[in-house]
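Order of the sequence lines fixes the chain letters, A, B, ..., with proteins taken first and strands second; residue numbering starts at 1 for each chain.
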There are 2 protein chains.
Amino acid sequence: MDGADTARRRPTITDVARLAGVSTQTVSRYLRFNGGLKPATLERVEKAIRELDYRPNLVARSMRTRKTGRLAILMPAMAFNPSRMLAGAGATAQDAGFFVDVVSAGGGVRARSDRLLELADSGQYEGILSLAPVLPAVESKLHQRTAVVISADFDDEMRGIGQLADATPLMRMIEHLAALGHSRFLHVAGDAQFASARARKQSYLETVERLGVESVGVFDGDWSGESGIEAIRSLPSRARPTAVIAANDLVAAGVVRGARERGWDVPGDLSVTGWDNAGVGQFMTPSLTTVDVELEQLGSTAMAKLIAGLRDSAPEMAEGSLFRIVWRESTAEPPAAGRLSRGR
Amino acid sequence: MDGADTARRRPTITDVARLAGVSTQTVSRYLRFNGGLKPATLERVEKAIRELDYRPNLVARSMRTRKTGRLAILMPAMAFNPSRMLAGAGATAQDAGFFVDVVSAGGGVRARSDRLLELADSGQYEGILSLAPVLPAVESKLHQRTAVVISADFDDEMRGIGQLADATPLMRMIEHLAALGHSRFLHVAGDAQFASARARKQSYLETVERLGVESVGVFDGDWSGESGIEAIRSLPSRARPTAVIAANDLVAAGVVRGARERGWDVPGDLSVTGWDNAGVGQFMTPSLTTVDVELEQLGSTAMAKLIAGLRDSAPEMAEGSLFRIVWRESTAEPPAAGRLSRGR
DNA sequence: ACGTAAAAAGGGATCGTTCACTATGGTCCT
DNA sequence: AGGACCATAGTGAACGATCCCTTTTTACGT
């Protein structure tokens with residue numbers, strides 16, 4: 001996984017000083033507070049920094065200043081959702097002798113990408129694992145530096161681990177429903193920015209095609225409950241599916257709600273499946289059929305890949321499926337012909 | 001907020017070497033691989049380390065080895081729940097010039113406490129913000145070292161920020177329900193390990209007392225949906241509340257489910273409130289009345305407190321409430337006398 | 001033109017560790 | 001006995017930045 005790419009040494013403050021024709025102390029002064037420099041000197045320093053694309057080595061700085069500028073947040077590994085994945089990743093990394101810091105990056109893809117670059121350049125990390133999509137352009141900028149990046153749900157052009165995006169359980173669910181007699185399906189997709197959303201959509205289309213069952217179409221949603229409702233609302237009443245494959249549980253909940261709005265009974269008239277096994281789904285009425293994902297395992301595997309990449313060794317892959325379909329009340333046999341609730 | 005407590009300098013490898021009567025290199029050798037030392041020397045070094053309670057300075061080590069042993073995980077600030085709080089905390093810290101690393105700590109209180117100590121002693125952090133409960137004993141062990149700890153939901157004996165534990169919205173909800181005519185309440189509490197759970201329970205008891213309404217009791221749960229179901233199941237049929245105040249949305253969903261099991265209609269026979277405004281609650285039937293919490297704000301405030309503590313200045317407190325009650329379908333007027341569903 | 005003070009820039013030490021060598025002393029072999 | 005070799009321990013120099021202090025340059029008033 002690359003890694004043998006540390007071509008140029010990182011420029012240091014000395015390099016900058018030499019290029020600018022000043023002492024390191026002057027450069028240091030520039031870096032810490034933009035004052036006390038003659039305009040001419042200042043410009044020379046700035047130019048040198050720009051030219052070398054220099055960034056201070058934060059480790060060396062902390063060493064001298066005895067300040068790290070870092071705070072740690074201990075995350076509860078409680079019922080919270082994403083922490084399950086983090087917990088897995090963290091454990092694996094710790095076993096391998098690494099500290100794991102989870103840096104949260106707010107904002108959109110753009111902001112996240114910038115943050116990623118910033119982190120990579122800070123020299124404080126040997127590897128970065130991104131669990132969120134990042135702009136493809138990031139990779140090229142990254143290559144010259146050391147940090148290795150792997151992601152669980154990256155853009156296709158990047159090295160994705162692919163497991164999160166594995167959508168075979170969705171295939172199985174459709175097969176099972178088709179075996180029960182369902183013949184008209186609808187898919188409400190997640191945000192296409194996510195590889196997992198695209199994979200599920202893709203898998204849906206292929207499976208429907210392969211089984212020769214009818215598809216009412218795909219509604220392009222955004223993981224939100226609203227998109228689930230909207231998908232049902234926007235359905236012309238003649239094209240009424242008997243089963244909806246939702247991108248996740250939240251969407252599925254929206255779908256159920258939307259169906260109820262139109263007077264359709266779930267699962268009497270319509271079967272609905274979700275994805276994630278969100279805690280609440282089990283207690284809804286009807287309880288939600290969903291896919292339980294071994295998030296810890298997933299996080300752990302992703303981390304193992306990253307570490308293997310750093311060490312130029314092959315990762316140990318976990319065997320066995322990371323997914324488990326949980327059949328609950330929201331799925332059942334399709335309504336017998338003519339026994340549909342009227343609805344709208 | 002302490003901080004002026006850096007009495008002793010941290011012992012260095014030189015101190016250890018001097019005390020053991022060997023060179024620093026020998027100590028270093030001991031630290032990196034326990035070999036190549038004569039048993040006698042080894043013991044002297046070990047004794048010195050123990051005596052000084054020495055721990056290697058990881059910053060200096062990274063500086064020399066050019067390895068940080070750290071990995072970063074970029075967390076998606078997406079629909080995930082806890083990341084909202086992290087996002088707020090992270091933004092505030094970044095504004096103040098700090099890097100924020102979110103370290104996830106799995107396991108129980110015990111493991112988390114150990115991890116906290118480890119982090120504090122690593123010397124890599126200036127402050128630590130724990131969002132999860134930690135053993136009270138930790139505080140005393142911490143005092144001698146530099147790291148400042150504040151938590152949003154600590155044990156009472158520690159400096160909690162109190163805001164997460166603020167349960168006034170719960171009071172408001174009870175008042176409102178009482179005004180609607182409800183007179184028999186039940187509370188399903190969360191894990192008593194959490195200050196927020198205790199605060200809600202406390203607040204429930206006080207409010208019920210103050211308003212002079214009847215309380216069927218408090219069921220001590222653990223934040224889980226099962227505990228919600230169990231609370232309803234275990235209710236003798238003569239002591240039937242008209243409103244249940246659940247510790248969070250998951251519990252509330254369990255309560256709704258349990259009520260349905262017994263043939264009680266929600267909200268016809270029983271009103272139910274949750275807490276958290278979990279995404280799915282809005283799409284359940286009935287949709288869940290809940291308390292929406294400004295998690296970003298909360299995280300941000302907690303972080304501001306921590307930073308203020310580090311700088312010995314007063315934190316800027318956010319004004320305005322961080323809570324908003326969201327009334328939805330799961331709450332309504334109590335059933336008119338004699339118009340209860342039969343149920344069991 | 002000169003002295004003086006302030007501004008600007010530089011020199012060298014230093015933070016705590018590890019690395020690449022070197023210096024011991026002892027053991028074993030020829 | 002002499003040397004090769006190993007195990008053990010020590011020396012000095014980095015790593016890259018900042019800090020304290022000194023030196024040089026500039027500005028300014030007389």
Side-chain angles (χ1 to χ4, degrees), chain A residues 6 8-46 48-49 52-70 97 99 121-124 126 145-146, chain B residues 6 8-46 48-49 52-70 97 99 121-124 126 145-146:
Chain A
T6 327
R8 295 200 296 288
R9 198 174 50 88
R10 268 184 71 155
T12 73
I13 200 173
T14 319
D15 300 326
V16 175
R18 189 168 33 229
L19 182 60
V22 299
S23 77
T24 61
Q25 170 60 207
T26 303
V27 179
S28 176
R29 210 136 33 202
Y30 167 82
L31 292 170
R32 308 211 48 68
F33 44 89
N34 272 322
L37 294 209
K38 260 200 300 199
T41 324
L42 189 137
E43 193 163 333
R44 287 221 310 286
V45 172
E46 264 176 350
I49 288 180
L52 294 174
D53 190 20
Y54 164 82
R55 298 183 186 232
N57 180 324
L58 297 183
V59 173
R61 177 180 288 172
S62 335
M63 164 105 175
R64 178 68 244 229
T65 60
R66 298 152 154 286
K67 304 225 158 194
T68 56
R70 304 166 145 276
F99 273 81
D121 276 350
S122 76
Q124 301 197 109
E126 295 181 38
R145 304 274 189 198
T146 34
Chain B
T6 327
R8 299 199 295 287
R9 197 175 50 86
R10 267 185 72 151
T12 74
I13 201 173
T14 319
D15 299 328
V16 175
R18 188 168 33 227
L19 183 60
V22 298
S23 76
T24 61
Q25 173 60 204
T26 301
V27 180
S28 175
R29 209 133 36 201
Y30 167 81
L31 292 171
R32 308 212 46 72
F33 44 90
N34 272 322
L37 293 210
K38 260 200 298 204
T41 325
L42 189 136
E43 193 163 335
R44 286 223 308 289
V45 172
E46 263 175 351
I49 288 180
L52 295 174
D53 190 19
Y54 163 81
R55 296 181 187 236
N57 180 325
L58 298 185
V59 173
R61 176 180 290 171
S62 338
M63 164 102 174
R64 177 68 241 230
T65 59
R66 299 153 151 288
K67 305 228 157 187
T68 57
R70 301 167 148 276
F99 272 81
D121 276 350
S122 77
Q124 301 196 108
E126 296 181 35
R145 302 276 189 199
T146 36

Judged by each residue's nearest nucleotide on DNA chain C, which is more toward the 5′ side, Ser28(B) or Thr26(A)?
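Of the two residues, Thr26(A) wins.
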
If you assign Pro39(A) and Thr24(A) each to the DNA chain C nucleotide with the nearest heavy atom, which residue ends up on the more 5' nucleotide?
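Its nucleotide being nearer the 5' end, the pick is Pro39(A).
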
Spacing of [X] atom [atom1] relative to [N] atom [atom2], expressed in whole Å:
X        : N       : atom1 : atom2 : value
Arg29(B) : dA7(D)  : CZ    : P     : 13 Å
Lys38(A) : dA27(D) : NZ    : C1'   : 11 Å
Gln25(B) : dA20(C) : CD    : P     : 10 Å
Met63(B) : dG16(D) : CE    : C1'   : 4 Å
Ile13(B) : dA14(D) : CD1   : P     : 19 Å
Tyr30(A) : dC19(D) : OH    : C1'   : 21 Å
Arg64(A) : dA13(C) : CZ    : C1'   : 8 Å
Leu58(A) : dT18(D) : CG    : C1'   : 13 Å

Which atom pair, heavy atoms only, marks the closest approach of [X] to [Y]?
X        : Y        : value
Ala20(A) : Arg44(A) : O-NE, 2.8 Å
Ile49(B) : Val16(B) : CG1-CG1, 3.7 Å
Asp53(B) : Pro11(B) : O-CG, 4.2 Å
Thr12(B) : Tyr54(B) : C-CE1, 3.5 Å

Please determine if a side-chain N or O atom of [X] lies less than 4.0 Å away from the OP1 or OP2 oxygen of [N].
X        : N       : value
Arg61(A) : dG16(D) : no
Thr41(B) : dA9(D)  : yes
Ser23(A) : dG10(C) : yes

If you only use heavy atoms from C-beta on, which nucleotide in dA17(D), dA9(C), dT18(D) is closest to the side chain of Asn57(A)?
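Side chain of Asn57(A) sits closest to dA17(D).
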
From C-beta outward on Arg66(B), which listed nucleotide comes closest to its side chain: dC15(D), dT18(D), dA9(C)?
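Output: dC15(D).
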
Does the Thr65(A) side chain pair with the main chain of Arg61(A), one donor and one acceptor, at a distance under 3.5 Å?
yes

